[in-house]
There are 2 protein chains.
Amino acid sequence: MNDKPGPKYKRVYDTLRKRLQDGYYSVGTRLPTEDALATTFEVSRVTVRRSLDMLVSEGYLVARQGSGYLVDTLSPPSSTCLTSFTDSVLKEGREPGARLIDITFFDGDAPEAVHDMLGKSLVRIRRLRTVDGEPKMLVNTWLPTARVAGITAEDFPETGQDQSILRVLSGRFGLEWSRACETIRSCVASDEIGTFLQVPVQTPLLVQACTAFDDEQGTVFFEEVFRNTPITFNLGGSRRQEQLS
Amino acid sequence: MNDKPGPKYKRVYDTLRKRLQDGYYSVGTRLPTEDALATTFEVSRVTVRRSLDMLVSEGYLVARQGSGYLVDTLSPPSSTCLTSFTDSVLKEGREPGARLIDITFFDGDAPEAVHDMLGKSLVRIRRLRTVDGEPKMLVNTWLPTARVAGITAEDFPETGQDQSILRVLSGRFGLEWSRACETIRSCVASDEIGTFLQVPVQTPLLVQACTAFDDEQGTVFFEEVFRNTPITFNLGGSRRQEQLS
DNA sequence: CGAACAGATTAGTATGAACAAATTTGTTAC
DNA sequence: GTAACAAATTTGTTCATACTAATCTGTTCG
């Protein structure tokens, strides 16, 4: 532990964060106490506290004086598009679903805007996200073919904990990003989109477009979400929470 | 300093934050050193660091090792609706403007949705935000009359640093809020809104609706922003930045 | 004058210690 | 059994201190 580079608090943070994402500590359980963690990591309590504070402010953990640190979620609301649809629906006691529409491969014949960002050889994954069976969002995810070699429909379960495309891409293909840009704009439902979302043509919709980059400035993926429902933020305190509405 | 309630780091944070918002430290200048602040506040360097770290993570300050703390902005991007339109436009080297359309007083005859939130006696401030003279957003701000007694058109300058309605309300009427909820939805331009924004009727628009509350759960204000341009977020690292596009 | 170096300044990381405050757990008394 | 109290546990706050790393400043030398 003490021979790796970088500050200790960062190494402890990275380790704990990885454990959380690997399910080593599951949601609702309690973490070891500060003293215990300090002992196992061979750092001072102040240092382990610093790491825990980071995880708390990011929303992974909640700290309760006199009790301990509780695992709150594995998908904290770090952004809008990167927020797990699955988690937020589950928290409301409803049933999230994801119906795969199609996986299409493009080779130079993709729309120009996407082509410019991600390159020639592309995959488009179209999915319909549902709540209690009702269609809520149409999600188009674009990826360079090279990054997701051998992707098939089997990679996308219709129900369960692993519907999140981000978790699929991260777990199955090791896809990671460091920076992302999201825009929200307005549009009206086309014939095709209206059919999928079961709304009349010309209905005003929200479009969330999210582009994610890795450290080398390469574009990792591009995602477009069409939704009829508003986007809600709860602001206040240090943390922010997107809610499904 | 040492006889007030609450933790010291919080008191130091509050003091510094107030100074920043009052212009005691202006943008681009350097704060006193950690040691100096620790001495003047009569706390340890660790405590003053904790307060400074909070201001850094909120975006007010940037810390540079070996140099000091620089004041980055007085309106950090703490949320979308609460973000200063003025600041973001100025940062792009363009000229923000705010044309006051009207200030209307309602007494029981306000739209029901607003009436339920804020009470019977209301003020509606309608403003048109512009960039280089071009209309960009229509902003409707609703407030309880009691909170802004004696408000007039003079309170809203058309140009300059103090166009931000939030700074006006905070500075002139002492309006503060602790929690807010924002939703983003889609709509199409009505006849009136289309005229203000100079777009055809039925153009799809974004609507940002923001409701702010104080500690006693009272609703402080409600704001609706109609815009033709998309909302952009830059995500990554610990901080988030809304950009004008 | 200007480049290079040395020293001072300032933020970054880390420890150990002490006490406060909230919660949980254990024990006692009724 | 359970209500009340006591003790232990656990996080929250604060301090003094030491060292590291980046930046800035002043001086010296060519």
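This structure is a prediction, so every number in the text was calculated from the model and none was measured. In what follows, every chain begins at residue 1, and chains take the letters A, B, ... in the order their sequences are listed. Excluded from the calculations below are hydrogen atoms, water molecules and symmetry mates; all remaining heavy atoms, backbone and side chain alike, are included.
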TODO: State which residues pass side-chain contact (heavy atoms from CB on, under 4.5 Å) with B/Tyr24; sequence neighbours excluded, sorted by chain then number.
DONE: B/Arg19
TODO: Identify, with sequence neighbours excluded, every residue that meets salt bridge (charged side-chain N to carboxylate O under 4.0 Å, His left out) alongside A/Asp14.
DONE: A/Lys10
Open item on the list: Test: side-chain hydrogen bond (donor to acceptor under 3.5 Å, both in side chains). Region: residues 26-36 of chain A. Which pairs qualify, not counting sequence neighbours?
Closed with: A/Glu34-A/Arg45, A/Glu34-A/Arg49, A/Glu34-A/Tyr69
- [ ] Rounded off to whole Å, could you give me the CD-to-C1' distance for the B/Glu34 and C/dT9 pair?
- [x] 12 Å
Open item on the list: Holding to side-chain contact (heavy atoms from CB on, under 4.5 Å), I want the full list of residues that pass it with B/Arg64, two or more places apart in sequence or in another chain.
Closed with: B/Ser67, B/Leu70
Task: Rounded distance (Å) that lies between atom C1' of C/dA11 and atom CG of B/Leu55 - done: 16 Å
Open item on the list: How many whole angstroms separate atom CZ of B/Arg30 from atom C1' of D/dA22?
Closed with: 13 Å
Task: Letter per nucleotide, 5' to 3', of nucleotides 13-18 of chain C [B base touched, S only sugar-phosphate touched, - untouched; heavy atoms, 4.0 Å] - done: BSBB-B
Task: Partners meeting side-chain contact (heavy atoms from CB on, under 4.5 Å) with B/Ser51 (sequence neighbours left out) - done: B/Tyr9, B/Val12, B/Tyr13
- [ ] For B/Thr39, check side-chain contact (heavy atoms from CB on, under 4.5 Å) against everything at least two apart and list the hits.
- [x] none
Open item on the list: Among residues 63-71 of chain B, which ones have heavy-atom contacts with DNA chain C below 4.0 Å?
Closed with: B/Ala63, B/Arg64, B/Gln65, B/Gly66, B/Ser67, B/Gly68, B/Tyr69
Task: Between CG on residue A/Asp53 and CZ on residue B/Arg50, distance to nearest 0.5 Å - done: 7.0 Å
- [ ] With sequence neighbours left out, write down each residue that passes salt bridge (charged side-chain N to carboxylate O under 4.0 Å, His left out) with B/Arg185, or none if nothing qualifies.
- [x] B/Glu224
Task: Atom pair distance, as rounded to whole Å: CG in A/Leu31 and P in D/dT10 - done: 13 Å
